[in-house]
S.K.: 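Supplied in structure tokens, the structure appears directly below.
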Amino acid sequence: MIFGRGQKKKIKIVDKGVEKWIYSTCGYCSTGCAIEVGVNAEGKPVASRGVSGADVNRGKLCVKGIFEHELFESSGRGDNPLIREHTHEGYSETDWDSAFKTMAAEILRIQKTWGRDSFAIVSTGQLLTEEFYTLGKLTRGVIGTNNYDGNTTLCMASAVSGYKRSFGSDGPPGCYEDFEHTDALIAFGSNLPEQHPIIYWRMKEAQEKRKFPLIVVDPRVTALAQSADMHLPITPGTDVVLLNAMMHVILDEGLEDRDYIQANTNGFEQLENEVQKYDPVTASKICGIDEDTIRTVARLYAKAGSAMSIWTMGINQSTHGSDGVVGINNLNLVTGNIGKQGGTSLSITGQCNAMGTREWSSCSGLPGYRYLENPEEREEIANFWGIDSEFFPKQRGLTETDIFPAIETGEIKGLWLVATNPMTSMANTARIRKTLAKLEYLVVQDSYADVETTQYAHLYLPAATWAEKEGVFTNTERRVNIVRQATQPHGNSKSDLWIFNELSKHFPQAKKPEFPEAPAEVFNEMAELSKGRLVDISGMDHDKIEQNRGIQWPYTEAQAERGEAPKPGGKRLYTEDGTFSYADGRAKLIPLPFIDNNEVPDDDFPYWLNTGRVVEHFHTRTKTGKLGNNNKYSPIPYMEINPDAAHELGIRQGEYVRCVSRRGDAVVMAQLTQRVPPNMTFIPFHYHDCVNRLTLGLLDPHSRQPAYKQSAVRIELLADQKAAAKMSMKRRDF
Ligand SMILES: Nc1nc2c(c(=O)[nH]1)N[C@H]1C(S)=C(S)[C@@H](COP(=O)(O)OP(=O)(O)OC[C@H]3O[C@@H](n4cnc5c(=O)[nH]c(N)nc54)[C@H](O)[C@@H]3O)O[C@H]1N2
Ligand SMILES: Nc1nc2c(c(=O)[nH]1)N[C@H]1C(S)=C(S)[C@@H](COP(=O)(O)OP(=O)(O)OC[C@H]3O[C@@H](n4cnc5c(=O)[nH]c(N)nc54)[C@H](O)[C@@H]3O)O[C@H]1N2
Ligand code: SF4
Ligand SMILES: [Mo]
């Protein structure tokens, strides 16, 4: 039978028996999509759907969000706390109370023997904000170690550092609505269609209406680069040079915004002197972008009515990460593109709550963007928590990337990992493995018992995840949105908030902060502490957040009392002259001399190793690796290699190769593609025992973030393809 258009067989949507939809916010990336979890008559989550009235995603979800309800009962989840005395022994199950008793006793023993800072804590960007705030309170107010950081050092540290250096405070100034007003957009090292698919959709919708030019700076022909008006395949690690050269052109041709510079910035002359050295001809030899293109892009950006820059890990994960961010801020300050519609410097965040940890976890300071270095701010928090301010350290301790070397040197003896998996996500994992094995005591608190780090743990604490609990996330555009509990925690796992609260009871201090149990109460504490701060959330509470489908900060108590409804979107920072966070209200223009200090390809290791992500997987695959609908796209480790390079090496599509760096080797399947140039390979970092065996991870001097995207490797075809295939298929594991 021939079907005409009108006679097409109707697609039947399977009735999943949803009885109730529960409001939540996606727990993967920082886009912050509002999502509803459908539960059936037995209370079991059976579906996910986007929330149409939410400004962020307007009903849409990507391939991760749409299957998110499946993760609650995915394999490998932790049921009960597990304990053992030595890491070569098997685990036995224990009850929560015994787990807390031994954990507190071990922390106290280590601190008594080796000093307060010898026990370190490393957390994440994936807890709820109330949990971050409570962990911060426990760490800063009770346990008292200064070696406390999060995986955000692997992710957003350069953005934080760059914002602080330029504007005097962290806090991305723009919002998604800027796409609807901008006249030019540059994306630096950001692959929106795969990593933030719904931000991409928002951007694309806006671009289709107004046809503003999109310029993509990325050494790879990413999905975003494919749809760009101009693609600048930059030499890895040299964005600062491109930015300096663009400013050279802008100043040389008098295209800068003098009025804005005079009213809002310091340091113009120093910047001008530095960028004079970066004429496009000289710069093109370093950054690989030809001089005419540099000039064209600079003119286009400066002449646009409003222009915006976005960036992600291509900038942050570099030895010039913080400088790259400052360079982007310089460009936007010089062209008057901060705090105006469509004119901004917008860091696209990574994890669902990387913003929440920056604002409230006290990792690098104290709650609400307060500094440990500031005596009044120490006093304020100590009074609020009812403790002695002398208990606080007077400056920030080690970052995650410095905590691991401090374990090697014996300075740190105990470690508590909360929702992060450094055995797969840190650079040079062979070294991380040895480091973890050296610890006297390791606690792993994770939603999955089979996460690689438990191999080295003395105690494993099973945590509830995402919509098994309640609290808020902050997304890329500073929007606070709520996760409501849709289902009970798996097995005997508990919310991270409950775990922190219970553990606090096992410390003996007389003077201790209070630890409220209900997430809404914890939120109210943060709201109180936010009054008058940049991150003012004092007009919000849990119910109001849900009613509005998320609220962007700042939203103050005064606004709420005046009955001013939160705007649906479009909120910006620094919209008026002289409102930057430095004492004089001005932003800093900072000169950025470039020193080439990366590992670069040579005769022995002739290819750039670039690393990153793919749309269907999230990070170390503890979640997406277990979900058939996500894992089936890319179940085994692979590399992108240019067909010309593959031809030279005698490698055909689908063959297995060994990739070797100065640190180690990894076996991957070759995918031939023009996405990478002939001198580069790209390997997603989602797989255990794979690309991070190879990476060097040199650190940015300001942010301590690793340069995951710049190492050198050689590539060898494996002689025994059958054995490699067998080994690789075994690794499909989940
Ligand atoms: N599907 C999915 N989405 C995610 C995540 C995930 O794991 N999976 N993770 C989330 C998190 S935590 C993060 S941080 C974000 C990351 O989001 P993105 O940063 O967009 O993703 P990456 O693939 O890490 O890197 C982006 C690009 O940087 C480019 N790059 C490499 N070196 C350079 C350079 O020197 N200069 C420039 N300009 N570009 C360079 C790479 O070629 C790559 O295409 O994604 C978030 N969203
Ligand atoms: N080569 C290379 N390496 C990279 C990167 C790269 O681009 N290239 N990117 C870096 C970046 S940007 C990032 S953000 C890091 C990410 O690195 P990781 O943080 O190590 O990666 P995840 O797999 O997200 O680890 C989160 C862990 O938390 C657990 N978890 C999830 N939800 C919860 C919860 O509610 N409670 C608890 N307690 N546990 C939970 C998960 O099961 C998982 O084990 O990787 C970095 N590593
Ligand atoms: S774009 Fe990000 S927040 Fe939205 S559904 Fe996908 S993973 Fe979740
Ligand atoms: Mo990240």
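Heavy atoms only: backbone and side chains are in, while hydrogens, waters and symmetry mates are out. Here the structure is a predicted model, which means the values were calculated and not measured. Counting starts at 1 for both ligands and their atoms, following the listed order. The chain is numbered in sequence order, starting from 1.
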S.K.: For ligand 2, find out whether one of its N or O atoms is nearer than 3.5 Å to an N or O atom of T695.
M.R.: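 So ligand 2 has no N or O lying under 3.5 Å from an N or O of T695.
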
S.K.: Out of all atoms in ligand 1, which are within 4.0 Å of some heavy atom of V615? Include the element for each.
M.R.: 1 (N)

S.K.: Are any of the N/O atoms on Q710, whether in the backbone or the side chain, positioned under 3.5 angstrom from an N/O atom of ligand 1?
M.R.: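 Yes - when backbone and side-chain N and O of Q710 are compared with those of ligand 1, one distance drops under 3.5 Å.
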
S.K.: Looking at T222, which atoms of ligand 1 are within less than 4.0 Å of one of its heavy atoms?
M.R.: 44 (O)

S.K.: Does F188 reach ligand 1 with a nitrogen or oxygen that is under 3.5 Å from one of the ligand's nitrogen or oxygen atoms?
M.R.: no

S.K.: Distance alone, cut at 3.5 Å: any donor-acceptor contact between the side chains of N428 and R693?
M.R.: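 Not at all, the side chains of N428 and R693 share no donor-acceptor pair under 3.5 Å.
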
S.K.: Which ligand 1 atoms, with their elements, are less than 4.0 angstrom from a heavy-atom of S190?
M.R.: 20 (O)

S.K.: If hydrogens are left out, which of K709, Q317, M680 has an atom nearest to atom 25 (O) of ligand 1, that is, the closest non-hydrogen atom?
M.R.: K709

S.K.: Taking the six-membered ring where the residue is Trp, are the ring centres of H619 and F685 under 6.0 Å apart?
M.R.: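 Ring centres of F685 and H619 closer than 6.0 Å.
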
S.K.: For a side-chain contact (heavy atoms from CB on, under 4.5 Å) check, start with the C-alpha distance between M426 and N421, then their side-chain angles and the critical distance, and finish with the verdict.
M.R.: CA-CA 8 Å; M426 288 278 282; N421 181 13; over 6 Å; no

S.K.: Using a plain distance cutoff, I'd like to know if T349 has any nitrogen or oxygen under 3.5 Å from a nitrogen or oxygen of ligand 1.
M.R.: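 So ligand 1 has no N or O lying under 3.5 Å from an N or O of T349.
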
S.K.: Check if M156 has a non-hydrogen atom at a distance under 4.0 Å from any atom of ligand 2.
M.R.: no

S.K.: I'd like to check whether Y448 has a polar contact with ligand 2, where a contact means an N/O of the residue lying under 3.5 Å from an N/O of the ligand.
M.R.: no

S.K.: Does an N or O from Q351, backbone or side chain, lie closer than 3.5 Å to an N or O of ligand 1?
M.R.: no

S.K.: Does any N or O atom in T235 lie less than 3.5 angstrom from one in ligand 1, N or O only?
M.R.: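 T235 vs ligand 1: no N/O contact under 3.5 Å.
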
S.K.: For the 3.5 Å polar cut-off, considering only N or O atoms, please tell me whether A464 and ligand 2 meet it.
M.R.: yes

S.K.: Which residue from D218, T620, V221, T476 reaches closest to atom 29 (C) of ligand 1 through any of its heavy atoms?
M.R.: D218

S.K.: Aromatic ring centroids of W416 and Y460 under 6.0 Å?
M.R.: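 Ring centres of Y460 and W416 not closer than 6.0 Å.
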
S.K.: If you draw the axis of the six-membered ring of Y448, does the NZ or CZ of R77 fall within 45° of it and under 6.0 Å from the ring centre?
M.R.: yes

S.K.: Compute the ring centroids of F72 and W466, then answer whether they are less than 6.0 Å apart.
M.R.: yes

S.K.: Return a yes/no value for L192: is any of its N or O atoms, backbone included, closer than 3.5 angstrom to an N or O of ligand 1?
M.R.: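 Not met; the criterion fails.
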
S.K.: Can you confirm, on distance only, whether ligand 2 has an N/O atom lying under 3.5 Å from any N/O atom belonging to R621?
M.R.: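 In fact, backbone or side chain, R621 has no N or O that close.
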
S.K.: For the residue pair K204 and W201, would you count it as a cation-pi contact if the rule is NZ or CZ under 6.0 angstrom from the ring centre and within 45 degrees of the ring axis?
M.R.: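 No, K204 and W201 do not form such a contact.
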
S.K.: Is there a heavy atom of G350 sitting under 4.0 angstrom from any atom of ligand 2?
M.R.: no

S.K.: From the options E616, M313, H619, R220, select the one whose nearest heavy atom is closest to atom 12 (S) of ligand 1.
M.R.: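 Among E616, M313, H619, R220, the closest heavy atom to atom 12 (S) of ligand 1 belongs to H619.
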
S.K.: Would one find an N or O of T124, backbone or side chain, under 3.5 Å from an N or O of ligand 2?
M.R.: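 So ligand 2 has no N or O lying under 3.5 Å from an N or O of T124.
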
S.K.: Does ligand 1 come near enough to Q195 that some N or O of the ligand is less than 3.5 Å from an N or O of the residue?
M.R.: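 Indeed, backbone or side chain, Q195 has an N or O that close.
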
